[in-house]
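Take a look at the structure set out below.
Numbers for residues simply follow the sequence, beginning at 1. Being a predicted model, the structure only gives us computed values, none of them experimental. First listed ligand is number 1; within each ligand, the first listed atom is number 1.
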Amino acid sequence: MTNRDNLRQLLLQLDDRGYKAYMDIKGSYKFPDFNLVIDRVQGDPFASPSQVRVQLPHSVAGFPASLYQTPSRDIALRDYLTRQFDHASRDLSSRRGTGNSGLIAITLVGQSVLGRTSVLITDKFIEVRFVVGLPARGRRISGRQAAEMLCDDIPQIVNDAIKYKSLNATAIKQHVETVEDADWLRQQLAEKGLVAFIPDGAILPRSSGVDDRPLLKDAIPFKSPEELRVEFTCPNRGVVKGMGIPSGVTLIVGGGYHGKSTLLRAIELGVYNHIPGDGRELVVTHVSAVKIRAEDGRSIASVDISPFINQLPQGRSTRQFSTPNASGSTSQAANIIEALEAGAKVLLVDEDTAATNFMIRDRRMQQLIAKDKEPITPFIDKVRQLYTDYGVSTILVMGGSGDYFDVADTVIAMENFEPQEVSEKAKVIAEQHRTERISEGGKEFGQITPRIPLAESIDPSRGHREVKLKVRDVDEVVFGTEEIDLAAVEQIAEKGQLRAIAQAIVYGKRQYINGRYTLPEVLNRIMADIESKGLDILTNFPEGDLVIFRRFELAAALNRLRTLKVK
Ligand code: ADP
Ligand code: MG
């Protein structure tokens with residue numbers, strides 16, 4: 001194997017040559033502390049930057065094994081090191097010419113702690129994957145600068161970010177222990193009959209609508225109402241108290257601007273762990289909780305929405321309902337049925353993003369518009385059946401209709417950002433002021449029949465390229481010639497999740513989508529493969545920007561592929 005000095009020599013020789021000559025540096029180099037592997041070299045200074053890995057033996061990295069020897073800790077430490085590398089590389093990388101010359105960057109992270117391919121810990125070493133913008137003047141190689149970047153800057157960054165002795169041991173411990181506690185708490189929920197937990201002292205509001213960091217000024221810390229207070233003894237933090245949301249149907253009510261949506265948003269993202277200092281680091285939610293909303297304009301492929309919608313105008317069937325352009329109510333119905341098909345056990349709904357006619361049909365409207373003239377059976381008539389027939393709980397923000405008092409097990413009122421337990425009060429009111437509604441839609445929820453996706457309807461190719469995937473921000477994937485719009489899939493936390501999801505669809509098509517397996521079977525198999533072999537099975541190259549995702553978001557992407565056909 002060639003060493004660092006050979007690489008430096010080579011880069012100096014390449015100085016001023018045409019950019020393509022950089023291809024010569026592909027390969028592995030033995031540095032004093034680690035191996036540097038250059039996997040992919042960019043074709044020009046403006047192309048996506050070159051992919052590089054560093055493998056640092058444990059003897060050099062020096063992390064105590066206790067910091068990474070359980071699955072929770074492994075993910076947490078890898079996340080921590082990703083963030084450290086990010087800081088160190090931002091400090092050191094600088095513009096050094098045309099295009100992305102001079103860039104040294106690891107995958108972008110947010111507030112969540114997630115399994116990522118940016119840092120891996122094996123028996124032997126810690127591997128860090130990142131990109132380097134090989135420097136150019138115009139389209140000529142800047143050999144000296146490339147030598148500085150690869151042979152000096154990278155060792156410096158690795159030294160500052162990936163060695164235990166350079167880092168803050170207390171902060172690492174806190175990171176790892178916080179994630180471990182959150183995982184532990186999430187596992188305890190079922191035993192206590194809960195679907196979500198929000199600890200006292202949590203900071204739920206965010207800095208702004210476009211900034212997911214905590215609101216620092218004037219944020220009112222969460223305080224649980226006595227009636228819903230539960231207590232846990234976490235492995236690291238010890239006793240933690242807070243509000244437990246029981247399974248069943250839970251209503252969150254309260255005046256406008258009193259913190260209802262903020263609470264629900266924290267619950268939505270409680271399926272993931274968060275970094276210490278986020279404010280929501282011990283907010284935990286059942287792993288299969290899915291946010292449901294209206295999403296008019298989305299496409300739907302043969303979904304049986306008949307539990308909610310029947311007898312459409314023009315006699316269109318709703319047992320296999322397809323449309324390239326769903327309405328608010330049909331999209332919300334499809335979102336629910338698809339979530340159930342994928343295995344959701346908790347549904348999260350906010351009136352702010354729900355279709356009103358899907359949520360409620362009151363006595364007066366029932367009187368004016370006869371049932372045979374209204375295709376929609378409102379959610380209010382189905383929400384209990386979901387729980388009794390399928391064990392699916394719902395947490396619903398609903399400040400606008402007291403009709404739901406009749407179907408709720410638990411009612412929480414938000415008042416000045418503080419929750420109050422008002423279930424009894426709501427029951428009494430429901431007795432005193434009867435709605436006289438006639439329940440609609442029958443005694444049972446209805447069948448959920450898994451669909452079988454057809455491989456030929458899923459085509460990631462474009463022109464001569466077999467696979468063409470592109471991710472634009474966190475809400476759009478270009479899949480072959482198709483765009484998948486995921487703006488309404490609110491539990492995607494990072495762009496890297498979308499990259500992985502796009503790859504997983506390609507992988508699923510190759511391996512399991514064969515006209516025999518149902519969608520849930522396909523999801524099971526893909527997720528099991530990733531669980532046992534890691535995200536790397538999704539790609540040919542070792543990529544550094546894949547992030548773990550849930551089966552629900554994978555299903556959501558597939559369901560929004562406009563070419564999708566099913567049996
Ligand atoms: P609602 O859904 O009840 O209308 P929101 O959850 O949208 O209310 O909250 C309204 C505003 O109050 C938002 O700007 C939000 O960031 C802020 N907010 C929410 N919770 C808190 C809190 N605990 N402390 C301070 N501000 C908060
Ligand atoms: Mg709201």
Side-chain angles (χ1 to χ4, degrees), residues 110-112 196-226 228-229 240-245 249-271 274 276-285 289-296 328 332 335 346-360 379-380 383 394-405 408 410-423 425-426 487-491 493:
Q111 294 295 104
S112 308
F197 172 74
I198 303 101
D200 290 344
I203 301 295
L204 307 187
R206 298 294 96 187
S207 157
S208 82
V210 293
D211 185 345
D212 202 34
R213 287 174 300 178
L215 178 70
L216 293 176
K217 215 175 142 273
D218 300 331
I220 296 173
F222 189 82
K223 187 163 168 285
S224 58
E226 220 179 286
L228 294 175
R229 192 166 299 151
V240 173
K241 290 180 195 168
M243 181 171 86
I245 297 185
V249 178
T250 301
L251 213 55
I252 300 173
V253 302
Y257 219 76
H258 279 255
K260 303 183 297 295
S261 296
T262 303
L263 172 59
L264 192 77
R265 182 67 183 149
I267 294 170
E268 282 164 48
L269 293 177
V271 300
H274 292 91
D278 172 80
R280 303 167 299 185
E281 53 267 52
L282 294 183
V283 176
V284 292
T285 305
V290 177
K291 175 68 185 291
I292 298 294
R293 55 170 288 171
E295 189 185 348
D296 53 305
Q332 195 167 350
N335 285 351
V346 182
L347 304 182
L348 308 171
V349 186
D350 190 333
E351 61 184 346
D352 291 352
T353 49
T356 307
N357 60 343
F358 182 81
M359 299 306 291
I360 187 70
F379 192 60
I380 190 170
V383 66
T394 299
I395 303 175
L396 174 61
V397 168
M398 179 55 83
S401 170
D403 284 11
Y404 270 89
F405 292 175
T410 308
V411 184
I412 298 165
M414 293 302 284
E415 228 180 279
N416 296 314
F417 312 123
E418 252 189 47
Q420 316 287 340
E421 208 272 353
V422 296
S423 311
K425 229 167 152 179
V489 182
E490 295 174 353
Q491 287 165 296

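A distance-only check finds a donor-acceptor pair linking the side chain of Thr285 to the backbone of Ile267 [under 3.5 Å]. When atom types are taken as modelled, the side chain of Gln491 and the backbone of Ala289 share a donor-acceptor pair closer than 3.5 angstrom. At least one donor-acceptor pair under 3.5 Å links the side chain of Glu351 to the backbone N or O of Gly400. Not a single donor-acceptor pair under 3.5 Å links the side chain of Tyr404 to the backbone N or O of Ile360. Judged purely by atom type and a 3.5 angstrom limit, Lys217 has no side-chain atom pairing as donor or acceptor with the backbone of Ser207.
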Take Gln111 and Asp278 through the test side chain to side chain donor-acceptor pair (under 3.5 Å) and record every step on the way to the result.
CA-CA 7 Å; Gln111 294 295 104; Asp278 172 80; 2.6 Å; yes
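Note: Phe417 and His258 have tilted aromatic rings, judged against thresholds of 30 and 60 degrees for the angle between ring planes.
A salt bridge is absent between Glu226 and Arg229: the closest approach of a Lys/Arg side-chain nitrogen to an acidic carboxylate oxygen does not fall below 4.0 angstrom.
Each protein N, O or S atom less than 2.8 Å from the Mg ion (ligand 2) was counted, giving 2.
Counting heavy-atom neighbours within 6.0 Å of Arg213 CZ, excluding the residue itself, gives a total of 12 or less.
Residue-level contacts of ligand 1 at the 4.0 Å heavy-atom threshold are Pro205, Leu215, Asp218, Ala219, Ile220, Gly255, Gly256, Tyr257, His258, Gly259, Lys260, Ser261, Thr262, Phe417.
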